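Down below is the structure, laid out as structure tokens.
Everything numeric in this text was worked out from a predicted model, so none of it was measured. What you see below is based on every heavy atom in this structure, not just the backbone, and it leaves out hydrogens, waters and symmetry mates.
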Amino acid sequence: MMNAFWDARTSREKLLLCGFGACLLAYLALVVLWQPLARARATAITDIARYNRLQPSLAMLAVSGTGQGLPTSADLPIPTILAETAGSFGLTIRRLQPSGTAAEVTLDDAAFATVLPWIDVLERDHGLRIDAVTLTRRPAPGIVATSLTVKR
């Protein structure tokens, strides 16, 4: 049946069908091969940039050892701790409202996989307590809007 269809076509129609097939093949190669590779490359570039931003902080921690001579977290005000640690994780603070021994903080939309380690560092390394947290899923996969109430 296919041979009968092909034989019934003129040379001009055969040329057009071959051109259409080549275009279809190029489109499929773009969709199936190129776009996933381009997405993975963009993700890798973003990750590398984040790691490069964190590298000086990690190097400073490695050099300082136990942190002797540096102010301890108990000496620093909560807003200072929040600002410094958020910056080292690549998070942007949209609103920071200190009130006595507590602070309310709202972050710009960020990756869930970045927000949770930041919260862990606040509790484990700086002795802060998260009194309330609101994580709202955003349309982009893995992105959340975050609001916290942090206390000593």
Side-chain angles (χ1 to χ4, degrees), residues 2 13 15-152:
M2 191 65 171
E13 288 173 333
L15 184 64
L16 278 172
L17 287 172
C18 287
F20 176 73
C23 289
L24 184 63
L25 187 63
Y27 174 75
L28 288 175
L30 175 74
V31 169
V32 172
L33 298 173
W34 182 255
Q35 286 182 342
L37 288 174
R39 256 185 257 118
R41 181 178 184 270
T43 302
I45 288 171
T46 303
D47 289 345
I48 289 169
R50 182 174 45 233
Y51 297 146
N52 285 339
R53 279 195 317 267
L54 291 175
Q55 188 176 6
S57 299
L58 295 174
M60 186 177 81
L61 288 175
V63 169
S64 67
T66 61
Q68 295 173 347
L70 297 175
T72 63
S73 295
D75 298 336
L76 295 173
I78 292 176
T80 303
I81 295 170
L82 292 173
E84 289 177 359
T85 56
S88 69
F89 278 85
L91 299 170
T92 304
I93 295 177
R94 181 183 309 160
R95 186 178 70 84
L96 180 59
Q97 177 98 25
S99 61
T101 61
E104 292 180 20
V105 62
T106 303
L107 301 176
D108 281 345
D109 292 351
F112 181 74
T114 305
V115 173
L116 282 187
W118 176 65
I119 291 172
D120 181 50
V121 165
L122 291 176
E123 290 182 331
R124 184 179 32 124
D125 296 348
H126 299 284
L128 298 178
R129 188 180 51 144
I130 308 303
D131 195 45
V133 63
T134 303
L135 296 170
T136 307
R137 188 169 70 182
R138 306 309 282 168
I143 304 298
V144 293
T146 308
S147 296
L148 305 168
T149 302
V150 182
K151 293 185 177 181
R152 282 218 190 263

**Message:** With heavy-atom distances below 4.5 Å as the criterion, would you say the side chains of Ile78 and Leu82 are in contact?
**Reply:** yes
**Request:** Verify, without hydrogens or angle tests, whether Thr80 (side chain) and Leu76 (backbone) share a donor-acceptor contact under 3.5 angstrom.
**Result:** no
**Prompt:** Going through the distances and angles, do Val150 and Asp131 end up as a side-chain contact (heavy atoms from CB on, under 4.5 Å)?
**Reply:** CA-CA 6 Å; Val150 182; Asp131 195 45; over 6 Å; no
**Message:** Among residues at least two apart in sequence or on other chains, which ones pass side chain to side chain contact (heavy atoms under 4.5 Å, CB included) with Tyr51?
**Reply:** Asp47
**Prompt:** Just wondering, do Val32 and Tyr27 contact through their side chains at under 4.5 Å, heavy atoms?
**Reply:** no
**Asked** Taking side chain as C-beta onward, heavy atoms only, is Thr146 less than 4.5 Å from Thr106?
**Response** no
**Prompt:** Side chains of Glu104 and Leu148: closer than 4.5 Å at any heavy-atom pair?
**Reply:** no
**Item:** Side-chain touch Phe89/Val121, heavy atoms, less than 4.5 angstrom
**Value:** yes
**Prompt:** What are the two closest non-hydrogen atoms of Pro79 and Leu96, and how far apart are they?
**Reply:** CB-CD2, 3.6 Å
**Prompt:** Does any non-hydrogen side-chain atom of Thr114 lie less than 4.5 Å from one of Arg50?
**Reply:** yes
**Beyond-backbone contact of Thr92 with Leu107, side-chain heavy atoms, under 4.5 angstrom** = no
**Asked** Within a strict 4.5 Å, meaning less than it, do heavy atoms of the Glu123 and Ile130 side chains meet?
**Response** yes
**Prompt:** Which distance, rounded to the nearest 0.5 Å, do you find between the CG of Leu135 and the CD1 of Ile119?
**Reply:** 6.0 Å
**Request:** Determine, step by step, whether Thr136 and Val144 satisfy the side-chain contact (heavy atoms from CB on, under 4.5 Å) criterion, reporting the C-alpha distance in whole Å, the side-chain angles of both residues, the deciding distance to 0.1 Å, and the verdict.
**Result:** CA-CA 5 Å; Thr136 307; Val144 293; over 6 Å; no
